[in-house]
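For reference, the structure is listed below as structure tokens.
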Amino acid sequence: MTENEQQYEFSEFSGEFVDDDIMVTIGIYRPAGTNADWTLEVVDQEGYSTVWDDQFATDRDAFQEFLATVHRDGIRSFLDQSIRTVH
């Protein structure tokens with residue numbers, strides 16, 4: 001199966017998040033039918049993506065990392081005009 005054919009399981013923590021009048025979409029996912037670690041991706045209103053290099057043992061851990069990033073750096077930190085990864 002190629003990467004384009006891969007099916008994903010999305011966490012219940014995935015969805016839209018609004019802060020300071022800015023909306024981003026949170027994707028917390030892993031390959032369907034596995035117990036693999038979770039990937040965290042945030043997409044801004046323009047469609048630009050921020051993906052964490054590190055994966056998370058639980059979907060809750062991924063969501064907590066997202067919240068910690070918003071608290072530490074602000075929601076505007078996701079408004080970058082390029083695809084980027086976070087360590």
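Everything numeric here is computed off the predicted structure, so don't read it as measured data.
- Between Asp54 and Leu40 the shortest side-chain heavy-atom distance does not fall below 4.5 Å.
- Listed by chain and number, the residues in a ring pair (Phe, Tyr, Trp, His ring centres under 6.0 Å) with Phe17 are Phe66 (sequence neighbours excluded).
- With sequence neighbours left out, Asp20 forms a salt bridge (Lys or Arg N to Asp or Glu O under 4.0 Å) with Arg76.
- Residues satisfying the side chain to side chain contact (heavy atoms under 4.5 Å, CB included) criterion with Glu12, sequence neighbours excluded, are absent altogether.
- Taking the side chain to side chain contact (heavy atoms under 4.5 Å, CB included) definition, one finds that Gln45 meets it with Met23, sequence neighbours left out.
- His71 NE2 to Asp19 CG: the interatomic distance, rounded to the nearest 0.5 Å, is 11.5 Å.
- For Asp73, the side chain to side chain donor-acceptor pair (under 3.5 Å) test picks out no residue, with sequence neighbours left out.
- Taking the side chain as every heavy atom from C-beta outward, Glu65 and Trp52 approach each other to under 4.5 Å.
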Anything under 3.5 Å between a donor and an acceptor, one on a side chain of residues 32-39, the other on a protein residue two or more places apart or in another chain? List them.
unit_1: Thr34; atom_1: OG1; unit_2: Pro31; atom_2: O; d: 2.7
unit_1: Thr34; atom_1: OG1; unit_2: Ala36; atom_2: N; d: 3.2
unit_1: Thr39; atom_1: OG1; unit_2: Gln55; atom_2: NE2; d: 2.8

(request) Using the side-chain contact (heavy atoms from CB on, under 4.5 Å) rule, take Leu67 and Val70 through it: C-alpha gap first, then chi angles, then the decisive distance, then the call. (result) CA-CA 5 Å; Leu67 292 176; Val70 170; 5.6 Å; no
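- Two residues are said to be in side-chain contact when any heavy atoms from C-beta on lie closer than 4.5 Å; Glu41 and Tyr29 meet this criterion.
- In this structure the side chain of Phe10 never reaches within 4.5 angstrom of the side chain of Ile28, judged on heavy atoms.
- Side-chain contact between Phe78 and Ile75 is present, with at least one heavy-atom pair separated by less than 4.5 Å.
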